[in-house]
Amino acid sequence: MSSYAAPLSDIRFALHDVLDAEALFQRLGFAEATRDIVDAVLDEAARFNETVLAPLNRVGDEVGCRFDPTTGAVTTPPGFREAYAQYVEGGWPGLVSPAAFGGQGLPHAVGVPVKEMIDAANLSWGNFPLLSHGATEALLHYGDDWQKDVFLTRLVSGEWTGTMCLTEPHCGTDLGLLKTKAVPNDDGTYAVSGTKIFITAGEHDLTGNIVHLVLARLPDAPAGSKGISMFIVPKLKVDGDGGVGEPNGVRCGAIEHKMGIHGSATCVLNLDDAQGWLIGQPHRGLVAMFVMMNTARLAVGLQGLGLADRAYQNALRYARERLQSRSLGGAKFPDKPADPIIVHPDVRRMLLTQKALVEGGRLLGYHAASLVDVVGHAGDAKEKADADILLGFLTPIVKACLTEWGVECTYHALQCFGGHGYIAEHGMEQLARDARITTLYEGTTGIQALDLMGRKTLQAQGAGLKAFVGMIERFCGEHDGDEALAEFVAPLREKAAEWALLTREIGARAAANAEETGAAAYDYLFYSGYVALAYWWARSVAAAERSSQPQAFRDAKRETARFYFARILPRTLAHAAGIRSGAASLMTLDADAFGG
Ligand SMILES: Cc1cc2nc3c(=O)[nH]c(=O)nc-3n(C[C@H](O)[C@H](O)[C@H](O)COP(=O)(O)OP(=O)(O)OC[C@H]3O[C@@H](n4cnc5c(N)ncnc54)[C@H](O)[C@@H]3O)c2cc1C
């Protein structure tokens, strides 16, 4: 079985040394979020995740969720219920929710490392509370007082969990196709009917009720995505005070059998005149859902990071223990029958790739979370607006890059184990299988790429890009003439300039041919991700040099940054070539001529 130890020293380095989180939290008015409190929360989260959730990871995979077709009930794997009870008792569901609704009101930038630990410890289990956070955000922004009182407070306490019901059999990425109907009742509620598929945590035995946030169409709805409204549909009917009554016409019809995350219930939900309440304005459901989806997209990015980190930890331990062959440069451990595989350049390539993507990716994700705090709490309207633009720009990068790197890292980690990675015993194949979904749900990588290229860049006149490039230029300016940083500053500056140039080139081509946007999107997404990571690696070296971290830690940051700049950042060359090749190489071949 794979093991997990929360990477507290690197989490603290990211939060305290690089992001200077305490100063930010105090400035934003999170008076309680002092360094001591944050560290105590992280310690307790590490204990909970290492001792309660991580030991259930294997059983979640092997036993999985079970479905009873006669009752529609879903039973979670052994231990999941008890772990959820402990999670609620520990106050974790409301960690970052406002105190006014029963939460602890801590910053998102503290919630995110806790989330990373949960995902690394047990991704399947983590999917049960996952969408409660998105539902909480949607209700905070768009719920009325009664909805907040009845539903929001119970999501924050963890008494109930939430879901996000978008997908239908014929309608995945293109939500404009959705058919679920909502017909007004005489009492101001709605009768919601339709079939939703792939609903995470759509049915389970962890809580007494489930709060489904459902996208549906009103009878007078215009066609397409402009005719979608959002409804709260509880699993069990609720009265005016939140008392729970009879079943509400939402029944689980099946759970999916899937490649990974066997402990997470992926449900078909049949809604048959289920009682629902409209959230926000009619036909404006997608706007409300986007609040939820943005929270969920950052959260899924963290899933990729958590799994990559767990996989790396295990690969590193194995590479230090497994003895095979001698080092090419002569025996490193002559007293042993062979050298540990960590001496071999190819194994080091795989380990350093994981280390560079995990530690750099951690900063990418935590920085985005800190922007959520700035957007929500900054006193200055311009600071809020600027942070919002940057957060919008970074969200598809965090979601897509961290999850694709999560898949890459779990595969490298498996490879480090050789054939022992492919068999179930060490748990490495589970991590690789579990990671695979993260690039698909909450919008596939391709859809994140389109969002970044289209809405967040070209349609926004590059506002988010300018903000990030501005951060890079400020950093480079601050370190001009700093010999310790020179090896990173020069290439970073070059990449930032090329990033802006490529964006202008795509914009010019897209003005003449709309296909150019889609053709450039995937390469642009990864080009952006790798340059963003180069920035965080350069900043990590600078922060490590300033910090009181042990010399070995500082050296490791510098050497990993060197590896990143030498061997990972050059992936941007291929992406730039892909971008510059334009749409013709993709679009010329006739669909009928693909073969088959
Ligand atoms: C385990 C699991 C859990 C899930 N949980 C939930 C949940 O809780 N709630 C929920 O509502 N949904 C959930 N989903 C659904 C998930 O979000 C969708 O599967 C996903 O958004 C993709 O939709 P699709 O599968 O219909 O693929 P499609 O939309 O059919 O896409 C197929 C392929 O075409 C590409 N594509 C589609 N349109 C475009 C375009 N315009 N441009 C470029 N490429 C395009 C996609 O990138 C993809 O590669 C879950 C799915 C799974 C498997």
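Fair warning: this is a prediction, and the values are worked out from it, not measured in the lab. Just follow the structure's listing: the first ligand is 1, and inside any ligand the first atom is 1.
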Considering distance alone, does some N or O of Met164 sit under 3.5 Å from an N or O of ligand 1? yes

Does an N or O anywhere in Lys258 fall below 3.5 Å from an N or O of ligand 1? no

Look at atom 25 (O) of ligand 1 and say which protein heavy atom is nearest, naming residue and atom and giving the distance to 0.1 Å. Phe198 CE1, 4.3 Å

Is the closest protein non-hydrogen atom to atom 33 (C) of ligand 1 under 4.0 Å? no

Within the 3.5 Å criterion, strictly below it, is a donor on Gln303 or Asp434 matched to an acceptor on the partner's side chain? no

For atom 8 (O) of ligand 1, grab the closest protein heavy atom and report residue, atom and distance to one decimal in Å. Thr200 N, 2.9 Å

Do Asp205 and Thr76 pair up side chain to side chain, a donor and an acceptor below 3.5 Å, judged on atom types alone? yes

One residue to check: Thr163. Relative to ligand 1, which of side chain, backbone, both or neither has a non-hydrogen atom less than 4.0 Å away? neither

Pair Trp405 + Tyr530: ring centers closer than 6.0 Å: yes

Filter on side-chain hydrogen bond (donor to acceptor under 3.5 Å, both in side chains), then keep only pairs touching residues 577-593, sequence neighbours left out; what's left? Glu505-Arg580

Among protein heavy atoms, which sits nearest to atom 49 (O) of ligand 1, and what does the distance come to when rounded to 0.1 Å? Thr444 CG2, 4.4 Å

Considering only the protein, which heavy-atom contact is closest to atom 24 (P) of ligand 1, and what is its distance? Gly172 CA, 4.0 Å

Classify the ring geometry between Trp499 and Tyr527 as parallel (under 30°), tilted (30 to 60°) or perpendicular (over 60°). tilted

Please determine if Leu166 has a nitrogen or oxygen closer than 3.5 Å to a nitrogen or oxygen of ligand 1. yes

Rounded to the nearest 0.5 Å, what separates atom CG in Leu166 from atom CG in Leu215? 4.5 Å

Is_contact(atom 42 (N) of ligand 1), protein non-hydrogen, under 4.0 Å: yes

With the threshold set at under 4.0 angstrom, would you say Leu131 reaches ligand 1 through any of its heavy atoms? yes

Counting only heavy atoms closer than 4.0 Å, does ligand 1 sit against the backbone of Glu442, its side chain, both, or neither? backbone

4.0 Å heavy-atom contact, Thr266 with ligand 1: yes

Note: heavy atom closest to atom 40 (C) of ligand 1, options Ile447, Thr173, Val300, belongs to Ile447

Look only at interatomic distance and state if Asp174 has a nitrogen or oxygen under 3.5 Å from any nitrogen or oxygen of ligand 1. no

Please report which non-hydrogen protein atom sits nearest to atom 20 (C) of ligand 1, along with the residue it belongs to and the distance in Å to one decimal place. Leu440 O, 3.7 Å

My understanding is that only residues two or more places apart in sequence, or in another chain, count here; which of them pass salt bridge (Lys or Arg N to Asp or Glu O under 4.0 Å) with Lys258? none

Taking the six-membered ring where the residue is Trp, are the ring centres of Tyr87 and Tyr84 under 6.0 Å apart? yes

Any donor-acceptor pair under 3.5 Å linking the side-chain atoms of Glu116 with those of Tyr366? yes

Checking a contact table here: which protein heavy atom is nearest atom 15 (C) of ligand 1, and how many Å away? Thr167 OG1, 3.3 Å

Gap between atom OG of Ser2 and atom CG of Leu414 - 0.5 Å precision: 11.0 Å

With a 3.5 Å cut-off and no angle check, do the side chains of Glu137 and His133 form a donor-acceptor pair? no

Starting from atom 52 (C) of ligand 1, find the nearest protein heavy-atom neighbour and note its residue, name and distance. Ile437 CD1, 3.7 Å

